[in-house]
Amino acid sequence: MAILGTILKKGIKLRETLEQDYTSPYELQKKELSKLLISARNTQFGREYDFVSVLESFRNHGGHDFLEKFKANVPVCDYEKMNADWWHKIREGEEDVCWPGKTKFFALSSGTSGAASKYIPVTKDMIRQIRRTGTRHIYTLSKYDLPDKFFQSGMLMLGGSTSLNFSGNYYYGDLSGITTGQLPLWVQGFSRPTPKIKKNKDWAAKLDEIVESAPKWNIGMIVGVPAWMQILLERIIERYNVKDIHEIWPNLQAFVHGGVSFEPYKKGFEKLLGKPVHYIETYLASEGFLAFQSEPNKKSMRLVLNNGIFYEFVPFNDKNFSPDGVLVDNPETVMIDGVEEGKDYALLISTCAGAWRYQIGDTVKIVDKRNSEIIITGRTKHFLSLCGEHLSVDNMNHAIEVAAEEMNISVKEFTVTGVPDGTLFSHKWYVGTDDEVDSTALCERIDAQLKVVNDDYAVERKHALKNVTLEILPTSVFYDWMRSEGKEGGQSKFPRVLKGKHLSSWVDFLSKQPKKF
């Protein structure tokens, strides 16, 4: 009997019971904003935007006076504004800029839009936030039907290098590299790969080392971005000439993933398994740990409302966003108590890392207001609306998933772009699969599914959206392009919608590939 596993399982059940929170979402978030403002009131940012006067508005019980005062005093910010006005000062060594004290770490964002490299501050308080939320997430494992042996198995975390770069004033690198060394000691004891492998900055070499060490480890849970985890498992299976990964790791029971929707990867991923595993989604961004799946068999995640992050929700509509997905200067925002189920919202966050009314770039849909449960529907700039079709990444993921299932193929990557077509418009899909498939048939199935899930798309397909075309590419082409852009491994992911410089780079890259596909 796995005695250690039994003890851990019972301990997690106890802590999960103690972690239950019965306070209303509104009260939790009001208190969180108050705590953030109190902490930062004497910073440069807090003095510039008069946090003290905002705090005075909290004296009024009930209502949203404090929120209206906060919105009146503090402007909405994106990365470019926060960096140009404030965060550059932190990197230059200044203290008390947007959060008390000095900031030692910056996460080098591998986002799919905007600047090539974004330096996101990671304060000591934010590291604690990520650590506490991560531990809280581990406690939810008590709700899954997991054998005792699982709880004494190892956890493989496939992330960036823990060997960070030093600028002279701060360290910078992948967020997973910053936070891995900050995990509780009892978690680190079960964590793989080894510290030596984790430090490796060469992604290809790191994968080689993990593959060679894989049979030595007893892995029960794997954690990482779906695309890179799938590549790793494929390489392990090929290296040891086994049918599936469970011949190497028989106790593998769970895959914790985030960064992109898992649904398009699911069919191909399950071909690598010998038995079912639990899929558990998280929402860990460079700006903080925002949400996690709290129960099995759910497709939604519960927002973390009482751990260093205050949320504002911007209705994702033409009133608040330009056709290119750019947020207007004074958008409509609501708190968690003002959201409506079934509607898309863009997120603004204020955090214990000194982000204030910061546009994180993601869109979410509220699926359970009572329990503050969301699904990620896409990015504000990663949607297509050339002529009013309002095609979201969530729509695209669903269409790919259904089409792949119907045609019994594995789609590992895809992207879409919009192009002028005479006086009208067209969509061009690039789909990465290593299976034999008729591109015309796949295009027709994706198109048909999009008409089902998106009424605007169905209407525009009869009018301004003239054609939809699709090109099949080997999966390796997508990863080769990411490598050429310096976005291989870790938290990097391929953009689902190609626009601007990414589109130009992609087209140029394809033009230089051998015409064998």
Which atom of [X] lies closest to which atom of [Y], heavy atoms considered:
X: Pro495; Y: Thr415; answer: O-OG1, 2.9 Å
X: Pro226; Y: His257; answer: CG-CB, 4.1 Å
X: Ser39; Y: Trp99; answer: CB-CH2, 3.5 Å
X: Phe166; Y: Tyr170; answer: CD1-O, 3.3 Å
X: Arg91; Y: Asn83; answer: NH1-OD1, 2.7 Å
X: Leu305; Y: Pro25; answer: CD1-CB, 3.6 Å

Has [X] got a side-chain atom pairing as donor or acceptor with [Y]'s backbone, closer than 3.5 angstrom?
X: Tyr26; Y: Gly63; result: yes
X: Asn320; Y: Pro331; result: no
X: Ser372; Y: Leu303; result: no
X: Asn307; Y: Gln129; result: yes
X: Arg357; Y: Val74; result: yes

What is the distance from atom [atom1] of [X] to atom [atom2] of [Y], rounded to the nearest 0.5 Å?
X: Phe289; Y: Thr135; atom1: CZ; atom2: OG1; result: 9.5 Å
X: Thr123; Y: Phe106; atom1: OG1; atom2: CZ; result: 10.0 Å
X: Phe58; Y: Lys31; atom1: CZ; atom2: NZ; result: 12.5 Å
X: Arg41; Y: Ser53; atom1: CZ; atom2: OG; result: 13.5 Å
X: Phe414; Y: Ile400; atom1: CZ; atom2: CD1; result: 5.0 Å
X: Phe66; Y: Lys69; atom1: CZ; atom2: NZ; result: 14.5 Å

Does a side-chain heavy-atom distance below 4.5 Å link [X] with [Y]?
X: Glu56; Y: Val52; value: yes
X: Asp480; Y: Arg483; value: yes
X: Leu290; Y: Leu347; value: yes
X: Phe70; Y: Glu312; value: yes
X: Asp96; Y: Asn42; value: no
X: Tyr311; Y: Glu32; value: no
X: Val334; Y: Glu340; value: no
X: Ile366; Y: Tyr345; value: yes

Counting heavy atoms not belonging to [X], are there more than 12 under 6.0 Å from its [atom1]?
X: Lys124; atom1: NZ; value: no
X: Lys89; atom1: NZ; value: yes
X: Lys428; atom1: NZ; value: yes
X: Lys102; atom1: NZ; value: no

Parallel, tilted or perpendicular for [X] and [Y], by the 30°/60° rule?
X: Tyr279; Y: Phe255; result: perpendicular
X: His427; Y: Tyr457; result: tilted
X: Tyr265; Y: Phe262; result: parallel

For the aromatic rings, using the six-membered ring if either is Trp, is the centroid distance between [X] and [Y] under 6.0 Å?
X: Phe509; Y: His502; answer: no
X: Tyr430; Y: Trp506; answer: yes
X: Trp228; Y: Tyr479; answer: yes

Test applied, ring-ring contact (aromatic ring centres under 6.0 Å, His included); reference residue, Trp356; option that passes from Trp87, Trp86, Phe51, Phe310:
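Answer after filtering Trp87, Trp86, Phe51, Phe310: Phe51.
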Chi angles and distances behind the side-chain contact (heavy atoms from CB on, under 4.5 Å) call for Met126, Cys352
CA-CA 6 Å; Met126 178 53 71; Cys352 57; 3.8 Å; yes
Whether the [X] and [Y] side chains hold a donor-acceptor pair (N or O, under 3.5 Å, no angle test) is what I'd like checked.
X: Tyr144; Y: Glu295; result: no
X: Asp344; Y: Ser392; result: no
X: Lys118; Y: Ser286; result: no
X: Ser505; Y: Trp481; result: yes
X: Asn317; Y: Lys343; result: no

Pair [X] + [Y], salt bridge at N-O below 4.0 Å:
X: Glu209; Y: Lys206; result: no
X: Lys266; Y: Glu401; result: no
X: Asp78; Y: Lys81; result: no

Sort out for me which residue in His64, Gln29, Lys369 forms a side chain to side chain donor-acceptor pair (under 3.5 Å) with Asp337.
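Testing Asp337 for a side chain to side chain donor-acceptor pair (under 3.5 Å) against His64, Gln29, Lys369 leaves exactly one candidate, His64.
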Using the side chain to side chain donor-acceptor pair (under 3.5 Å) definition, which of the options Asp362, Thr363, Asp394 pairs with Thr377?
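Among Asp362, Thr363, Asp394, the one meeting side chain to side chain donor-acceptor pair (under 3.5 Å) with Thr377 is Thr363.
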Given the rule in the side-chain contact (heavy atoms from CB on, under 4.5 Å) test, do Leu175 and Phe105 qualify, once you have shown the distances and angles that lead to the verdict?
CA-CA 9 Å; Leu175 178 67; Phe105 299 105; over 6 Å; no
For the salt bridge (Lys or Arg N to Asp or Glu O under 4.0 Å) test, which of Lys365, Lys299, Lys298 pairs with Glu373?
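Single salt bridge (Lys or Arg N to Asp or Glu O under 4.0 Å) partner of Glu373 among Lys365, Lys299, Lys298: Lys298.
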Please enumerate all residues that pass side chain to side chain contact (heavy atoms under 4.5 Å, CB included) together with Asp318, with sequence neighbours excluded.
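Only His390 meet the side chain to side chain contact (heavy atoms under 4.5 Å, CB included) criterion with Asp318.
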side-chain contact (heavy atoms from CB on, under 4.5 Å) for Arg128 and Asp125? Distances and angles first, verdict last.
CA-CA 5 Å; Arg128 282 193 286 268; Asp125 289 297; 2.7 Å; yes
Could you walk me through whether Tyr119 and Leu108 pass the side-chain contact (heavy atoms from CB on, under 4.5 Å) test, one step at a time?
CA-CA 5 Å; Tyr119 291 79; Leu108 193 60; 3.6 Å; yes
